[in-house]
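Letters A, B, ... are given to chains in the order of the sequence lines, protein chains preceding strands, and every chain is numbered from 1. Note that the coordinates shown come from a computational prediction; the quantities given were computed from them, not determined experimentally. These numbers come from the heavy atoms of this one structure, side chains and all, not from hydrogens, waters or symmetry mates.
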Protein chains: 2
Amino acid sequence: MEREDLGALLARAARRIFEAERPLLDAHGVTMWAYAALSLLARGSAPTQLALAEAMGYDKSRLIKILDDLEAEGLITRRPDATDRRAKVVDLTAEGRAKLAAVQADIRAMEAEVLAELSTRERETLLAVLPRLA
Amino acid sequence: MEREDLGALLARAARRIFEAERPLLDAHGVTMWAYAALSLLARGSAPTQLALAEAMGYDKSRLIKILDDLEAEGLITRRPDATDRRAKVVDLTAEGRAKLAAVQADIRAMEAEVLAELSTRERETLLAVLPRLA
DNA sequence: TATTGTTATACTCTATAACTATA
DNA sequence: TATAGTTATAGAGTATAACAATA
């Protein structure tokens with residue numbers, strides 16, 4: 001009873017960040033899931049749709065609409081995998097990379113403000129620890 | 001690009017915790033929101049339904065069903081506020097406190113396992129920092 | 001026969017707006 | 001007139017199963 005549950009603490013912190021992200025994403029005309037997809041594509045390179053869905057913790061059937069929109073906007077491309085023509089390889093276009101960079105710059109600036117409430121040591125520990133919890 | 005977004009890190013960590021919580025909550029026959037309500041009731045005392053909904057970050061109309069179920073199970077009581085008979089004061093029953101203690105014990109044990117992956121210093125910093133981010 | 005991407009369908013969750021009873 | 005709790009309804013989000021093309 002002395003403290004809140006870890007889950008509640010993480011969820012509240014995540015919610016605060018997401019609420020701060022929403023207007024930034026809206027300004028760029030990108031949904032949260034589309035941004036998540038772009039981020040993952042910039043990181044691991046050229047995954048198949050199924051691999052991307054799994055990496056996002058998202059369902060492959062729900063991902064379709066996200067990718068349809070991103071493709072229509074010219075931010076990604078889909079091409080059949082040479083070794084398995086059932087699968088489609090997803091790639092970021094130059095426009096996709098530019099869009100991601102622009103959105104991410106705004107989000108990082110917002111994060112920097114939030115993290116400024118912490119000391120340097122706290123900030124470093126938090127960012128080192130969170131990836132290991134996930 | 002060197003690290004993931006803070007929001008993504010928090011969301012992934014929260015998801016991992018919630019997935020570990022689900023079977024524990026199921027075993028006690030309690031939903032996540034019901035558990036959240038019980039936890040908040042044990043903390044701040046005897047709030048009105050509206051105050052409880054706001055504290056949970058939940059909608060007052062959605063809270064109704066949660067409280068209906070908890071009341072039917074004898075875990076909470078609802079009584080009209082003496083000073084404003086429109087409002088209803090929500091109280092934990094003895095059974096409600098016992099249920100909360102039982103569920104929370106299981107969840108804290110699970111959390112302890114997760115947190116055991118961290119050093120003492122990391123653990124303390126994380127738990128000190130998260131409430132300030134929320 | 002199994003799997004990838006896709007589509008369709010059903011279900012849950014959430015948001016919004018009314019309604020009642022009190023104020 | 002406004003507010004707390006409640007109810008009803010519409011919309012968004014999610015899960016599931018089926019389908020075509022390929023393996």
Side-chain angles (χ1 to χ4, degrees), chain A residues 7-8 11-12 14-16 18-19 21-23 25-26 29-37 40-41 44 46-72 75-91, chain B residues 7-8 11-12 14-15 18-19 21-23 25-26 29-37 40-41 44-72 75-91:
Chain A
R12 274 204 301 148
R15 169 152 48 171
R16 173 190 170 180
F18 283 133
E19 276 168 12
E21 279 183 9
R22 195 163 314 148
L25 293 167
D26 287 351
V30 176
T31 69
M32 197 163 56
W33 284 115
Y35 175 68
L40 260 117
L41 288 171
T48 177
Q49 290 188 198
L50 193 61
L52 179 58
E54 280 164 2
M56 289 171 65
Y58 210 60
D59 194 274
K60 62 168 183 161
S61 68
R62 283 186 283 154
L63 183 60
I64 309 271
K65 179 67 163 59
I66 310 281
L67 296 183
D68 284 349
D69 293 347
L70 288 174
E71 195 175 27
L75 302 180
I76 63 160
T77 57
R78 282 191 272 204
R79 61 183 161 83
D81 184 336
T83 69
D84 181 348
R85 294 211 320 259
R86 293 173 304 180
K88 292 186 184 173
V89 176
V90 185
D91 271 307
Chain B
R12 276 204 303 149
R15 172 152 45 173
F18 283 134
E19 275 168 13
E21 280 183 9
R22 197 166 310 149
L25 293 167
D26 287 350
V30 176
T31 68
M32 197 163 59
W33 284 115
Y35 174 68
L40 259 117
L41 288 171
S45 56
T48 179
Q49 290 189 199
L50 193 60
L52 179 58
E54 281 165 1
M56 291 171 62
Y58 209 60
D59 194 274
K60 62 170 183 161
S61 68
R62 284 185 285 155
L63 182 60
I64 310 270
K65 179 68 164 56
I66 311 281
L67 296 182
D68 285 349
D69 293 347
L70 288 174
E71 195 175 27
L75 303 180
I76 63 160
T77 57
R78 282 192 271 204
R79 59 183 161 83
D81 185 335
T83 68
D84 182 347
R85 295 209 321 258
R86 292 173 305 181
K88 291 185 185 173
V89 177
V90 185
D91 270 308

Within this structure, what is the [atom1]-to-[atom2] distance between [X] and [N], rounded to whole angstrom?
X: B:Phe18; N: D:dT14; atom1: CZ; atom2: P; value: 15 Å
X: A:Leu50; N: D:dT22; atom1: CG; atom2: P; value: 18 Å
X: A:Lys65; N: C:dG5; atom1: NZ; atom2: P; value: 19 Å
X: A:Asp69; N: D:dG13; atom1: CG; atom2: C1'; value: 15 Å
X: A:Ile66; N: C:dT7; atom1: CD1; atom2: C1'; value: 16 Å
X: B:Leu63; N: D:dA4; atom1: CG; atom2: P; value: 14 Å
X: A:Gln49; N: D:dA21; atom1: CD; atom2: C1'; value: 14 Å
X: A:Arg79; N: C:dT4; atom1: CZ; atom2: P; value: 17 Å

Looking at residues at least two apart in the chain, or sitting in another chain, which of them share a side chain to side chain contact (heavy atoms under 4.5 Å, CB included) with [X]?
X: B:Arg85; result: none
X: B:Glu19; result: B:Arg15, B:Arg22
X: A:Asp81; result: A:Thr83, A:Ala87, A:Val89
X: B:Leu40; result: B:Leu52, B:Ala55, B:Met56

Exercise. What residues form a side chain to side chain donor-acceptor pair (under 3.5 Å) with A:Ser61, not counting sequence neighbours?
Worked result: A:Asp59
Exercise. A:Gln49: what forms a side chain to side chain donor-acceptor pair (under 3.5 Å) with it, not counting sequence neighbours?
Worked result: A:Arg78
Problem set entry | Residues which pass ring pair (Phe, Tyr, Trp, His ring centres under 6.0 Å) with A:Phe18, listed by chain and number, not counting sequence neighbours | none
Exercise. Using a cut-off of less than 4.0 Å, is there contact between a side-chain N or O of A:Thr48 and OP1 or OP2 of C:dT4?
Worked result: no
Exercise. Does the side chain of A:Arg78 get closer than 4.0 angstrom to OP1 or OP2 of C:dT4 through an N or O atom?
Worked result: no
Exercise. For the side chain of A:Thr48 and the backbone of A:Ala51, is there at least one donor-acceptor N/O pair under 3.5 Å apart?
Worked result: no
Exercise. Looking at CG of B:Leu70 and CG of B:Leu75, how far apart are the two atoms once the value is rounded to the nearest 0.5 Å?
Worked result: 5.5 Å
Seminar exercise, completed: Base-paired stretches in DNA chain C with three or more consecutive Watson-Crick or G-U pairs, both distances under 3.5 Å, amount to C:1-23 with D:1-23
For this session: Mark up nucleotides 10-23 of chain C, 5' to 3', with B wherever a protein heavy atom is under 4.0 angstrom from a base atom, S wherever such an atom reaches only the sugar-phosphate, and - elsewhere.
Result: ----SSB----BBS
